Amino acid sequence: MFTVGIDIGSTTCKSVIINDGSIIVGRAIVPFGTGTIGPKRVYQSVLDSCGLSRDDIERTLVTGYGRFTFDDADNQKSEMSCHAKGVNFIIPSARTIIDIGGQDAKALRINPNGMLEDFVMNDKCAAGTGKFLDVMAGILNVKVADLGIISEHSQVEVSISNTCTVFAESEVISKLSMNVAIEDIIAGIHRSVAKKVAALVYRNGIVKDVAMSGGVALNKGVVGAMRKELKTDILVHEDCQLAGALGAALFAWEEAVKANRCSQTQKNNE
Amino acid sequence: MSEESKRITQRPVPLSRIMVNEQTAKVYEDALETKKRGERIAWSTAIYVQEICETLGVPVLYPENHSAALAAKHYGEDLIQYAEGNMRYPMNICSYARINFAFADKLKDPNYEWPSPAMPLPDLLLLANNSCVQLTKWYQNLSDTLGVPAFFIDMLYNFTEEKASAYKVKYIRTQIEEAITALEAFIGRKFDWDKFSEIQKRSALNNKLFKEIIALNVHKPAPLNGFDLFNYMAPMVICRGKESTTDILLQLKKEVEENIKNNTSTYPVDQEHRVFWEGIACWPCMRHNLKTLRNLGINAVTNGYVTAWDINYEPTNLDGMAAAYNFASTNSKSTPTVARLRSDLIKKFGCKGMICHVNKSCKVMDFHVFGGRDLIQKYTGVPIVNFDGDQGDSRSYSEAQFETRIQGLAEIMKQNKEGNHA
């Protein structure tokens, strides 16, 4: 039985297909978020990735910022519960999850079953989110996906404010005008994000193991800075960006099993 | 998608709500008429000793209540912009104050088309700092800019006490007596102590009725949508010593009891979750708050805000009155005291979660939210979620963030209910 999970973020759409709640058979990521062609395209892409059609899908569940506006799903859930479920699947030892998304950052605490126990989210501010990194990459004229690799060459990390994206942007421009090495500026940007997000994690309480999910977890510079700020190791899985979609697919599978069981009981009673 | 799946029954507006609206309109109309006659009217902080001016027959209007009403009607944005731009107030001060400063300044223009409710300029100010530390500066600015006197009662913070100490009672009682004398002289009317005693009795009766109504929401399903309590607070804020408030509360109590008898509620859908709401309503975004909660079957059955007018004292006992006023409002109490009170309510009302409004305007309250959260979780074990907002400034609020956080809370409460938490 195939189920689909779709995570419609503000900048990226992710999708996963699982078979019988245990094996990932399809994956897709498209760089367009809610309100664009992203949701439809990611759905088609994930089906194409494993040669399935919509008729093969038992149930679809959607999560993420655009979850309320996607009509092709059977149900929706918050991204917190979906990331909890997804990370529990790929990193079963994780009890604390850091998810840095396009426009928000979250610290989640989960139980051994992958159930959400508590969470803290960022306030209404882009600092400490993926958007912050997008803006900084734009000023520096580098691809956001390259930020992590470039920062590995940093010799002297510079200090960048984390109180406001616009102020930080001015600071970065000022550093550039002083000919500060771009890798040192990027290392400072990563530390700025890490400091902001670490405050959320500390507020929520750290229970080991700590894992990161979401697209920003692919940035080794941010992960390294988070490790320094939290003074603990952070586990990152290669499917970290797909964790929300994976959790959604797992919830879809649980719902499908429950529905099938109910329908079987009904038939037996008849 | 969940919104469509919920059955929402449209009901006629209850008589009690119509009575509240009529009472509020009358209060503002009376003030305008009094002003037109050349007599004096007052502006007052929300938890001033209202019994004094009620006795003297001086119409009193409440800027905090007025700012909340304007914010709820979305007039706040323009006034806030005016306060921050034309009047150079920073966005870090209370949004009620910013709205009020702008409103007061605009009232100086005879051609100003004031939004409803129309609140005429005051001839005197009544200031008590038991609910908020910013009020002293707010009213001092009003006093200076409008050139009117402020009658100030300096209340004291209860650092560890759960009852007002004797020296505090003496300090506040003395000020109440001095305020009576000073107001008597300023208004030019003799203070009628017998009438004062009657108004104290009326206030005590209204307080008792309001508490009884709140307590009725303990029933399952709750007979009231908890957000209704925010609206029914208005009579307690602006007319606590009036007979019309007794009439409203008796009618409301009758309606609530009827709901209990018929197993009905003003909450329009099935009540899947009962939660406690901490903090002032997010007035400009209340409709969105309510819609989000309703879509998830969450009824915020009670809240900490409505308990702020629980001013309980024996009529004619000035010491008791002083103590009660000094211990009113969350902001006059220590965080452990508030956490204990909230925990008791959470248990009493069978709440399975707590939603805390991190109100940008109210830094003191935010201390309670963040400082008290761990204590409340320890005492009750319920999940708690915070959201960012403001009592009058819609800019601090994000609809998407609110929806995500509340949905996260609902999912935790659901799994706790289903018992698969282990």
Side-chain angles (χ1 to χ4, degrees), chain A residues 8-10 33-35 60-85 99 101-126 129 199-200 203-205 244 247 251 254 258, chain B residues 1-5 91 282 285 288 291-292 295-296 353-360 366 369-371 373-374 376-378 381-390 393-422:
Chain A
I8 303 173
S10 57
T34 184
T60 301
L61 193 140
V62 65
T63 187
Y65 181 45
R67 67 191 181 282
F68 295 117
T69 53
F70 186 70
D71 295 330
D72 291 341
D74 299 294
N75 199 1
Q76 55 86 16
K77 259 191 188 299
S78 78
E79 50 263 51
M80 280 89 70
S81 289
C82 289
H83 274 269
K85 193 87 169 166
D99 168 37
Q103 65 172 10
D104 57 30
K106 311 175 195 78
L108 318 175
R109 215 171 57 234
I110 66 171
N111 73 11
N113 294 340
M115 296 291 190
L116 186 63
E117 283 190 330
D118 207 351
F119 64 92
V120 177
M121 287 177 69
N122 62 316
D123 51 14
K124 195 179 173 185
C125 169
T129 71
L200 291 181
R203 198 189 297 167
N204 202 39
F251 276 121
E254 286 179 359
K258 201 173 170 184
Chain B
M1 68 183 82
S2 57
E3 188 184 7
E4 288 166 10
S5 70
M91 74 179 295
C282 195
C285 312
H288 182 259
K291 183 179 153 200
T292 305
N295 287 346
L296 294 160
M354 182 174 184
I355 298 170
C356 299
H357 175 195
V358 180
N359 182 352
K360 197 176 176 73
D366 292 345
V369 167
F370 285 97
R373 179 187 164 124
D374 289 349
I376 292 169
Q377 241 165 358
K378 187 176 135 193
V382 302
I384 299 173
V385 68
N386 296 348
F387 78 92
D388 298 290
D390 191 277
D393 188 344
S394 58
R395 294 171 299 181
S396 301
Y397 182 75
S398 159
E399 290 192 353
Q401 285 191 342
F402 184 76
E403 286 163 4
T404 301
R405 291 170 198 215
I406 301 304
Q407 190 174 8
L409 176 70
E411 287 167 0
I412 294 175
M413 289 192 293
K414 186 166 185 275
Q415 73 198 23
N416 287 350
K417 200 188 225 178
E418 289 169 353
N420 53 357
H421 192 52

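Remember, predicted model here, so these are calculated numbers, not experimental data. For the numbers below, each heavy atom of this structure counts, side chains included, while hydrogens, waters and symmetry mates do not. The chains referred to below are lettered A, B, ... by the order of the sequence lines, with proteins before strands, and numbering in each begins at 1.
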Handout entry: Residues that A/R203 engages under side chain to side chain contact (heavy atoms under 4.5 Å, CB included), provided they are two or more places apart
Key = A/V120, A/L200, B/F370
Handout entry: Proximal component of A/D71, with respect to chain B [non-hydrogen, under 4.5 Å]
Key = neither
Exercise for the section: For B/F387, enumerate each residue passing the ring-ring contact (aromatic ring centres under 6.0 Å, His included) test, keeping only those at least two apart in sequence or located in another chain. Expected result: B/W277, B/H357, B/F402
Exercise for the section: In plain terms, say whether B/R373 and A/D118 are close enough for a salt bridge, that is, a side-chain N and a carboxylate O under 4.0 Å apart. Expected result: yes
Exercise for the section: Can you tell which part of B/N386 gets under 4.5 Å to a heavy atom of chain A, answering side chain, backbone, both or neither? Expected result: neither
Handout entry: Side chain / backbone / both / neither for B/Q377 at chain A, heavy atoms under 4.5 Å
Key = side chain
Problem - chain B contact via A/M80 - which portion, at a heavy-atom distance below 4.5 Å - result: side chain
Problem - Heavy-atom contact with chain B under 4.5 Å, split by part of A/F119 - result: both
Problem - A/F251 atom CZ, neighbour heavy-atom count above 12 within 6.0 Å - result: yes
Practice task
Could you tell me whether the side chain of B/R405 and the main chain of B/V385 form a donor-acceptor pair under 3.5 Å?
Solution key: no
